[in-house]
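Atom set for the values below is all heavy atoms of this structure, side chains included, hydrogens, waters and symmetry mates excluded. Predicted, not measured: the structure shown is a model, and the values here were computed from it. Here is the naming used below: chain letters follow the sequence lines, and residue numbers restart at 1 for every chain.
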There are 2 protein chains.
Amino acid sequence: MCPDESIPDDVKEKAMKATFRALCKHGYADLTMKKIADESDKCKSTFHYHYDTKEKLLVNFIEFLLEGFKDRMVPDTEDPLEKLNGLIDNMLFGLADEETTESFHTALLEIRSQAPYNERYREQITENDQYIKKVVSDIIREGIEKNRFKDVNAEETATVILSAIDGARARQISTNRNATKELRSSLDWIIEDLLLE
Amino acid sequence: MCPDESIPDDVKEKAMKATFRALCKHGYADLTMKKIADESDKCKSTFHYHYDTKEKLLVNFIEFLLEGFKDRMVPDTEDPLEKLNGLIDNMLFGLADEETTESFHTALLEIRSQAPYNERYREQITENDQYIKKVVSDIIREGIEKNRFKDVNAEETATVILSAIDGARARQISTNRNATKELRSSLDWIIEDLLLE
DNA sequence: TAAACCTGACTGACCAATCAGTCAATACGT
DNA sequence: ACGTATTGACTGATTGGTCAGTCAGGTTTA
């Protein structure tokens, strides 16, 4: 069967959740179809039946992961500063408990590190990247228009903030330091100095 | 044999170069002892003879990789602004050709993404992380003392700059955009606004 | 001198375990 | 009854790692 829209929703949800759990538990390099299946109540063959190959399952998974990311990042508020700070918090600390957030970011970084070898991964990540950059630069532009922010270059400011967030997430999971917390307080000061007053 | 100092220098060099080439060519997830050996004029068993296990070889490799990184990043100049900009350039664009730099950053990101599952990887990366942060904050402090920079918090500024560099490197290799070039021009403006007058 | 011995470097053949993927048989839902 | 969903058993390929043995070069012995 082809991995298109013909997969039942309940199976798809089980597949995605199982893939997520297996990826968090074992890491991308040690991720196998058996380990994915073991995280669900289905067996290995069932996932082959629905997705054909491991790669197709994983491409579907990335899509699922980034789609969920999009939906839940932007906080529901009108004030540009609140919206910006809320988005930064969501991106650095996630929406669930600390462990789930750490696992989520680990999964994302593992997929990122595989992107150079897989164009489909790269396309998905690029699209997500451009989306979030538009969101942040729109917030900054809105702040400027409402005279809440100084008249900075919105694109460049967004680039630095988003790059720093990505970097902090990578450092958070690959070092023994609390890199996201460090960046949060550093960004507070940067935003104060660059955007406000 | 144990993977200590008893390994001949020429063998060690061949092992490290072969590991680097294999890692760049196949990615961490598909990295095997055979593929490493195939990148050298030695056979698989030889690397097992010198390093025992695949993991010990890779821990040695990370040490080798980060040591080389340390040695070559800081530019030889007295002027704080020149030194800071030179370091940023070196970290974003590397010292060799573009292809080698991209491969190097890919290898680093792959190892980073594996750090959550391997404490020895994490220790190495943490140490390297702290080293480079000290270098950057020292440069900023020096600039403040010489009245070339504004009186900012050196630690927090270094955190943002280094996080952004890490993030841009991750985006550079995992998207279809030129993220390092984008960040470089954004950082120009940030440095102008934050550090200079 | 030369034969015997030793050692570290290296190799190809081999192993059990595991991999992604296949397939015939079966269970299920309508 | 019929198509979809699911399974366990299976396959060929590949994995990290082992091992017996080869080889070059140095040291000891006769």
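Distance NE2 (B:His50) to C1' (C:dT11): 12 Å, rounded to an integer number of Å. The interatomic distance linking B:Lys54 (NZ) with C:dA17 (C1') rounds to 14 Å, in whole Å. In this structure, A:Lys44 atom NZ and C:dG21 atom C1' are separated by 6 Å, rounded to whole Å. One atom, NZ of A:Lys56, and another, C1' of C:dG21, lie 12 Å apart when rounded to the nearest Å. Atom-to-atom, NE2 of A:His48 to C1' of D:dT4 comes out at 19 Å; the value is rounded to the nearest Å. Atom C1' of nucleotide C:dA20 and atom CD of A:Glu55 are separated by 13 Å, given to the nearest angstrom. Between A:Tyr49 atom OH and C:dT26 atom C1' the separation is 13 Å, expressed in whole Å.
Aromatic ring pairs are classed by plane angle as parallel below 30°, tilted from 30° to 60° and perpendicular above 60°; the pair A:Phe20 and A:Phe61 is tilted.
No side-chain donor-acceptor contact under 3.5 Å links B:Thr175 to the backbone of B:Gln172.
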Problem set entry | Evaluation steps, side-chain hydrogen bond (donor to acceptor under 3.5 Å, both in side chains), between A:Lys133 and A:Thr159 | CA-CA 7 Å; A:Lys133 185 171 176 184; A:Thr159 295; 3.0 Å; yes
Exercise. Given the rule in the salt bridge (charged side-chain N to carboxylate O under 4.0 Å, His left out) test, do B:Lys146 and B:Asp79 qualify, once you have shown the distances and angles that lead to the verdict?
Worked result: CA-CA 9 Å; B:Lys146 289 184 177 174; B:Asp79 182 63; over 6 Å; no
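The cationic atom of A:Lys42 (NZ for Lys, CZ for Arg) does not lie both less than 6.0 Å from the six-membered ring centre of A:Phe47 and within 45° of the ring axis.
Non-hydrogen atoms lying under 4.0 Å from DNA chain C are contributed by B:Asp41, B:Lys42, B:Cys43, all within residues 13-43 of chain B.
Here A:Ser45 does not reach the OP1 or OP2 of D:dT6: none of its side-chain N or O atoms lies under 4.0 Å away.
Contact annotation: side chain of A:Thr53 to base of C:dG21, donor-acceptor pair absent below 3.5 Å.
Counted within 6.0 Å of NZ on A:Lys150, heavy atoms from surrounding residues, nucleotides or ligands total more than 12; the atom is thus considered enclosed.
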